[in-house]
There are 2 protein chains.
Amino acid sequence: MELDKINWSILTLLQENARLSFAEIGRNVGLSAPAVAERVLKLEESGIIKRFSVDLDFEKLGYSFKAIISFKVYTGKMQSFLKFISEMHEVYECNRVTGEHCLIMKLIVQKPNELENIINLFSDFGESTTSIVLSSPVEHKVFNQNKN
Amino acid sequence: MELDKINWSILTLLQENARLSFAEIGRNVGLSAPAVAERVLKLEESGIIKRFSVDLDFEKLGYSFKAIISFKVYTGKMQSFLKFISEMHEVYECNRVTGEHCLIMKLIVQKPNELENIINLFSDFGESTTSIVLSSPVEHKVFNQNKN
DNA sequence: GTTGAAATTGTAGGGTC
DNA sequence: GACCCTACAATTTCAAC
C-alpha cells in the first residue's frame, strides 16, 4: 500500500493521540470527517494500523523493574518455550534474533525476586543473560517518514 | 495511586482498543459515560496513562528491518550519544541497562545498508553489537494484573 | 457516582469530480 | 475511487443533583 502525505499525517497524529476525533484530524489535514474515517478504516483493514492502544507508566502501576533477557534456547525447546512465555504476563515482548542468542525479551515485574523466579523457570529451556533496565532515554518514539 | 478493579478493567479495555467510547467502556464496567470519562482523565493526569497511541505494522510501511543493538558507550560520550540518537527517527527505543553493555536499542530501518550507515555513525561513540530481528513472537502484550 | 440537555461527533446515504 | 455534504443516531460534556 502506498501512503500519501495525508495518510502519513494521519498516522503521526494518531500516534500522538489515538483518541482524536475524525473531525479534528480532518481540520488538521484539510479533509472532511467522513473522508478521514474512510482513510483510517482502510489503514486498519490493510493492517498498517494494528491496534489503537495506550502507553502505560508501569512504574506508577507498581511494576518498577524492567529487564532485558537474552536467551539461548536449547535444541528442540523453541516451540515449547514460546508457548510457555506467551502465557506469562511478565513477558512484555519477545524477539527472535540472529547472533549468539536466539531470543531477546523484555520483561516487566514488580520486584527483583519475581525476576529470580522467572529466570529459574527459564533454565529448563535454555541459558539466559539478564540486564536490568535503569532508564529508557527513548521509549516508543512516534514514527514518521521525514522525507518527501 | 491505588487502582481498583474497575480502573484495571478500563486500562485493559483501552489497551485493546484505545478508541472505545466512554459510553461503551461504561457498559462493560457498569458505569455511566461521565464516570468513565472522569476516571480516564484522572489516569491521564496521574501519568499512569502516558499516551493514547496506535501500533503500526512497520513492515507494511516499507520499514522491513528491525535490529537490536547492544552498545558500549565510550567514557564521557554518554550524554552526546543520547542527544544524537534522540534526533534519529530510526532509533525507536533505547534502554540504559546494567551489565557489560550500557545501552540496548531497537532500530527500525527500510534496508540493510541504512543499518550499516547507522552503525558507522555510532562507532564514534562506542562499540556496537547488532542483532537482526527475524520475528517477534510476543509484541506489545496487553498488560493487566491477573490476581484477586 | 447519576441523570438530563446542549454541543459535538460518528456514520450512512446520495451526489460530484 | 476519493471526496464532499446532509441528516440522524450516538457520544461527549457540563450542569445540577
Side-chain angles (χ1 to χ4, degrees), chain A residues 1-57 60-62 140 142-148, chain B residues 1-63 110 140 142-148:
Chain A
M1 183 170 179
E2 260 315 301
L3 293 198
D4 58 11
K5 275 190 195 176
I6 292 181
N7 272 354
W8 273 105
S9 300
I10 291 174
L11 288 181
T12 300
L13 289 166
L14 285 175
Q15 284 180 89
E16 288 162 351
N17 181 7
R19 288 188 71 86
L20 279 179
S21 70
F22 294 142
E24 204 162 340
I25 295 171
R27 272 173 234 125
N28 272 277
V29 302
L31 284 177
S32 65
V36 174
E38 194 181 351
R39 278 170 178 262
V40 172
L41 185 66
K42 280 183 186 163
L43 288 166
E44 287 187 72
E45 286 172 347
S46 71
I48 288 175
I49 291 178
K50 292 198 288 189
R51 177 172 62 173
F52 294 99
S53 190
V54 64
D55 293 347
L56 302 179
D57 187 322
K60 291 192 171 143
L61 289 169
H140 194 167
V142 170
F143 189 83
N144 45 19
Q145 66 156 19
N146 11 8
K147 34 191 133 177
N148 46 262
Chain B
M1 184 169 178
E2 261 314 301
L3 294 198
D4 58 9
K5 275 189 194 177
I6 292 181
N7 271 354
W8 273 105
S9 299
I10 291 174
L11 288 181
T12 300
L13 288 166
L14 284 175
Q15 283 180 88
E16 288 162 351
N17 181 6
R19 287 186 71 85
L20 278 180
S21 70
F22 295 143
E24 203 163 340
I25 295 170
R27 274 173 233 127
N28 271 277
V29 301
L31 285 176
S32 65
V36 174
E38 195 181 343
R39 278 169 177 262
V40 171
L41 185 66
K42 280 183 185 161
L43 287 167
E44 286 186 72
E45 285 171 349
S46 72
I48 288 176
I49 291 178
K50 292 197 290 190
R51 177 172 60 173
F52 295 98
S53 190
V54 64
D55 293 346
L56 302 178
D57 187 323
F58 298 109
E59 225 169 293
K60 291 192 172 144
L61 289 168
Y63 289 76
Q110 293 179 288
H140 196 167
V142 170
F143 189 82
N144 45 19
Q145 67 157 16
N146 10 10
K147 37 190 128 177
N148 49 266

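Below, chain A is the first sequence line, B the second, and so on; all start at residue 1.
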Spacing of Leu31(A) atom CG relative to dT16(C) atom C1', expressed in whole Å: 16 Å
query: So, do Leu43(B) and Glu38(B) sit near enough that their side-chain heavy atoms are less than 4.5 Å apart?
result: no
- request: Tell me which nucleotide among dT2(C), dC4(D), dG10(C) gets nearest to the side chain of Ala35(A).
  value: dC4(D)
query: For Glu24(A) and Gly30(B), take the nucleotide of DNA chain C holding the closest heavy atom to each; which residue's nucleotide lies nearer the 5' end?
result: Gly30(B)
- request: Look at the side chain of Lys42(A) and decide which nucleotide, out of dA2(D), dT9(C), dG1(C), has an atom nearest to it.
  value: dA2(D)
query: In whole angstroms, how far is the P atom of dA2(D) from the CG atom of Leu41(A)?
result: 12 Å
field: Cationic tip of Arg51(A) above Phe52(B) ring, under 6.0 Å, 45° of axis
entry: no
query: From dT2(C), dT11(D), dT11(C), pick the nucleotide closest to the side chain of Pro34(B)?
result: dT2(C)
message: Without decimals, in angstroms, what is the distance between Asn7(A) CG and dG1(D) P?
response: 16 Å
message: Side-chain N or O of Ser32(B) versus OP1/OP2 of dT2(C): is the shortest distance under 4.0 Å?
response: yes
field: Whole-Å distance separating the CD atom of Glu38(B) from the C1' atom of dT12(D)
entry: 14 Å
query: Given side chains that start at C-beta, do those of Ile48(B) and Asn7(B) come closer than 4.5 Å, heavy atoms only?
result: no
- request: Could you check whether Ala23(A) gets within reach of a base, just the sugar-phosphate, or nothing at all, counting any heavy atom under 4.0 Å?
  value: sugar-phosphate
message: Could you tell me how far apart Phe22(A) (CZ) and dA12(C) (P) are, to the nearest whole angstrom?
response: 11 Å
- prompt: For the side chain of Asn17(B) and the backbone of Leu13(B), is there at least one donor-acceptor N/O pair under 3.5 Å apart?
  reply: no
message: Please determine whether a side-chain nitrogen or oxygen atom of Arg27(A) lies at a distance below 4.0 Å from atom OP1 or OP2 of dT8(C).
response: no
task: To the nearest Å, give me how far apart CZ (Phe52(B)) and P (dT12(D)) are.
output: 11 Å
query: So, is the end of the Arg19(A) side chain (NZ or CZ) under 6.0 Å from the ring centre of Phe22(B) and within 45° of the ring's axis?
result: yes
- prompt: Heavy atoms under 4.0 Å, any strand shown: does Ser21(A) hit a base, just sugar-phosphate, or nothing?
  reply: sugar-phosphate
Whole angstrom value for the distance that separates C1' of dT11(C) from CD of Glu44(A): 15 Å
message: Can you measure Ile25(B) atom CD1 to dT13(D) atom P for me and round it to whole angstrom units?
response: 12 Å
